[in-house]
Amino acid sequence: MSDKKASNQMWGGRFASGPAAIMEAINASIGFDRKLYAQDIRGSIAHSEMLAETGIISAADQQKIAHGLNTILREIEDGKFEFSTRLEDIHMNVEARLAELIGPAAGRLHTARSRNDQVAIDFRLWVKDEFHRVAEALKGLIAAFLERAEQHAATVMPGFTHLQTAQPVTFGHHCMAYVEMFARDLSRVRDAIQRMDESPLGAAALAGTGFPIDRFRTAKALGFREPTRNSLDSVSDRDYALEFLSVAAICATHLSRLAEEIVIWSTPQFGFVRLSDSFSTGSSIMPQKKNPDAAELVRAKTGRVNGHLVGLLTVMKGLPLTYSKDMQEDKEAVFDAAETLDLMLAAMTGMVGDMTVNEQAMKKAAGSGYSTATDLADWLVRSLGMPFREAHHVTGRAVALAESKKVGLEKLTLDDLKSIHGGITEDIFSVLSVQNSVKSRTSFGGTAPAEVRKQVRYWKKRLTKA
Ligand code: ARG
């Protein structure tokens with residue numbers, strides 16, 4: 001009785017049963033690594049086939065093993081499998097059940113293998129699949145943006161620096177900026193897949209094995225380009241998980257910037273876009289409100305994804321070669337980041353696809369804030385041969401005059417403008433309109449509608465090829 005009280009005081013109510021229970025709780029990963037069941041079984045079947053082919057186990061045992069593993073796969077998928085914390089992780093849960101199903105032959109499966117290379121292959125398979133899921137989701141988001149960019153290649157809106165009106169751009173051009181970002185994310189995904197496309201299976205505990213295994217065979221059977229080249233690195237490398245998290249963090253950060261823009265654009269003050277009911281909520285007390293909750297949550301969830309990257313970098317940074325149990329902490333970070341990113345991408349693709357663009361509001365805002373001041377300065381340079389610095393100065397005076405008269409630059413009279421510089425002619429009005437401003441920006445990658453359409457065509461072609 002007094003003993004029990006002592007252990008309660010030391011470990012708290014949850015661990016009333018003492019040190020063994022605490023050890024089990026801190027050690028077990030089955031609560032989360034059960035997610036790897038399909039990869040674990042796939043890896044084990046490939047391993048057993050190789051063992052039989054190289055004569056390390058008999059064909060009869062291999063058949064039993066494969067049959068048993070397929071039964072377990074069905075049991076798990078049908079929700080009939082009983083996971084046990086006592087058995088620590090997915091690898092031991094599967095192996096213990098295999099022994100129940102097929103008897104002693106089950107014990108031969110782990111020949112020339114360790115949980116260290118087993119977990120490495122399982123996790124790689126999972127991360128690789130997830131990279132492919134993210135690639136598909138990114139393609140969907142890019143397609144949604146390309147559609148919007150095409151519709152709005154000529155829809156003018158203000159472009160901002162410091163969130164202050166800078167120069168007019170088109171909404172299509174703005175959409176294409178996100179196409180560039182998400183296309184870079186996609187190329188990072190593809191690079192990372194290339195780099196991780198090596199199988200660690202057969203590194204065994206850390207030093208390789210004396211059994212005559214064929215690592216090229218298992219690598220091929222599991223869809224990897226080739227086996228890894230160093231057994232120590234094979235069991236201690238988690239770069240692929242870190243790369244997944246860093247790709248995810250960069251992509252989430254892009255999504256967050258977009259989310260922030262949507263939040264701003266959908267305020268009544270801006271009114272550039274209106275979110276559909278499916279991606280916003282009302283307020284329980286203020287009937288006029290329509291809140292951009294989905295965008296806000298995309299913005300917030302980025303913190304979570306970025307946190308997982310820093311978390312795993314911190315787990316890994318002090319680990320001596322090779323495997324340490326610390327590395328078990330890789331999974332929850334990646335699983336949660338993956339689930340979160342998948343949801344963020346889906347929500348954003350939905351929002352971009354069905355938000356209503358208010359062209360009138362964008363156009364009105366595009367012309368405010370003297371957004372064509374640079375065009376005026378450029379005209380002075382081009383038509384009067386004025387040095388740009390001087391043109392900047394003259395334009396500043398024109399803006400001040402327009403400000404004092406409370407009109408836009410294009411509403412100043414020719415006399416007003418002549419009072420600022422005698423050389424100004426009627427021709428200047430051709431550059432003061434927002435439409436002409438964007439039309440004139442024909443430099444490669446510029447905002448002119450023709451240029452935007454060119455970039456849309458480029459990406460459409462490039463993405464269908466890939
Ligand atoms: N559950 C472990 C993990 O996720 C599997 C590897 C265990 N290896 C070991 N030597 N204890 O990392």
Side-chain angles (χ1 to χ4, degrees), residues 19-48 69 72 76 81-99 106-107 109-130 196 198-209 211 218 222 228 230-245 308-309 311-339:
I22 297 174
M23 179 56 198
E24 201 173 282
I26 197 166
N27 201 35
S29 52
I30 190 63
F32 47 87
D33 69 12
R34 66 174 67 183
K35 226 186 167 91
L36 298 174
Y37 74 89
Q39 289 74 16
D40 194 69
I41 289 171
R42 208 177 139 204
S44 287
I45 291 176
H47 181 66
S48 73
L69 288 170
I72 294 171
I76 296 178
F81 190 91
E82 264 189 51
F83 290 100
S84 147
T85 313
R86 199 176 38 78
L87 291 167
E88 217 180 298
D89 56 23
I90 185 65
H91 324 297
M92 302 221 280
N93 269 268
V94 170
E95 199 179 318
R97 178 69 183 136
L98 187 64
L109 171 61
H110 215 50
T111 316
R113 189 177 74 169
S114 147
R115 269 191 298 156
N116 295 349
D117 60 339
Q118 192 178 355
V119 74
I121 190 75
D122 292 6
F123 200 33
R124 265 196 205 233
L125 284 167
W126 195 92
V127 171
K128 198 170 152 191
D129 281 352
E130 175 59 22
M196 73 171 304
E198 298 176 345
S199 163
L201 190 60
L206 75 164
T209 174
F211 289 101
T218 44
L222 294 170
T228 51
N230 180 291
S231 62
L232 303 176
D233 179 52
S234 306
V235 295
S236 55
D237 165 36
R238 291 295 182 273
D239 287 8
Y240 55 94
L242 291 171
E243 284 207 60
F244 175 76
L245 291 173
H308 286 312
L309 170 61
L312 188 58
L313 283 168
T314 312
V315 166
M316 296 304 295
K317 77 175 203 38
L319 299 186
L321 304 189
T322 57
Y323 179 85
S324 296
K325 198 59 175 267
D326 308 52
M327 288 157 73
Q328 181 165 284
E329 289 288 309
D330 56 1
K331 290 169 207 66
E332 283 167 296
V334 169
F335 291 158
D336 186 66
E339 200 177 302

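As the structure lists them, so they are numbered: ligands from 1, and atoms in each ligand from 1. Basis for what follows: all heavy atoms, side chains included, without hydrogens, waters or symmetry-related copies.
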CD/Glu198: more than 12 non-hydrogen atoms of other groups inside 6.0 Å: yes
Atom 8 (N) of ligand 1 [closest protein heavy-atom partner, distance rounded to 0.1 Å]: Asn116 OD1, 2.9 Å
His91 near ligand 1 by a heavy-atom separation under 4.0 Å: yes
Sub-4.5 Å side-chain heavy-atom contact between His47 and Leu201: yes
Minimum-distance protein heavy atom relative to atom 11 (N) of ligand 1: Arg115 NH2, 3.7 Å
Thr218 OG1 to Arg113 CZ distance, which is reported to the nearest 0.5 Å: 11.0 Å
Residue Asp89 vicinity, atoms of ligand 1 by number, heavy atom under 4.0 Å: 1 (N), 2 (C), 5 (C)
NZ/Lys325: more than 12 non-hydrogen atoms of other groups inside 6.0 Å: yes
Shortest protein heavy-atom distance from atom 2 (C) of ligand 1, along with the residue and atom involved: Gln328 OE1, 3.2 Å
Test of proximity, Arg238 against ligand 1: N or O pairs below 3.5 Å: no
4.5 Å side-chain heavy-atom contact, Leu222 and Arg42: yes
Nearest-contact summary for atom 3 (C) of ligand 1 - protein heavy atom, Å: Tyr323 OH, 3.2 Å
Min N/O separation Lys325 to ligand 1 under 3.5 Å: no
Proximal atoms of ligand 1 relative to Ser29 (non-hydrogen, under 4.0 Å): 1 (N)
Side-chain heavy atoms of Ile72 within contact of Tyr37, under 4.5 Å: no
Phe123 six-ring face occupied by Lys331 cation (under 6.0 Å, within 45°): yes
Per-residue contact class, Gln118 against ligand 1 - non-hydrogen pairs under 4.0 Å: neither
Lys331, portion touching ligand 1 at heavy-atom distance under 4.0 Å: side chain
Pairwise side-chain contact, Ser29 with Glu332, heavy-atom cut-off 4.5 Å (strictly under): no
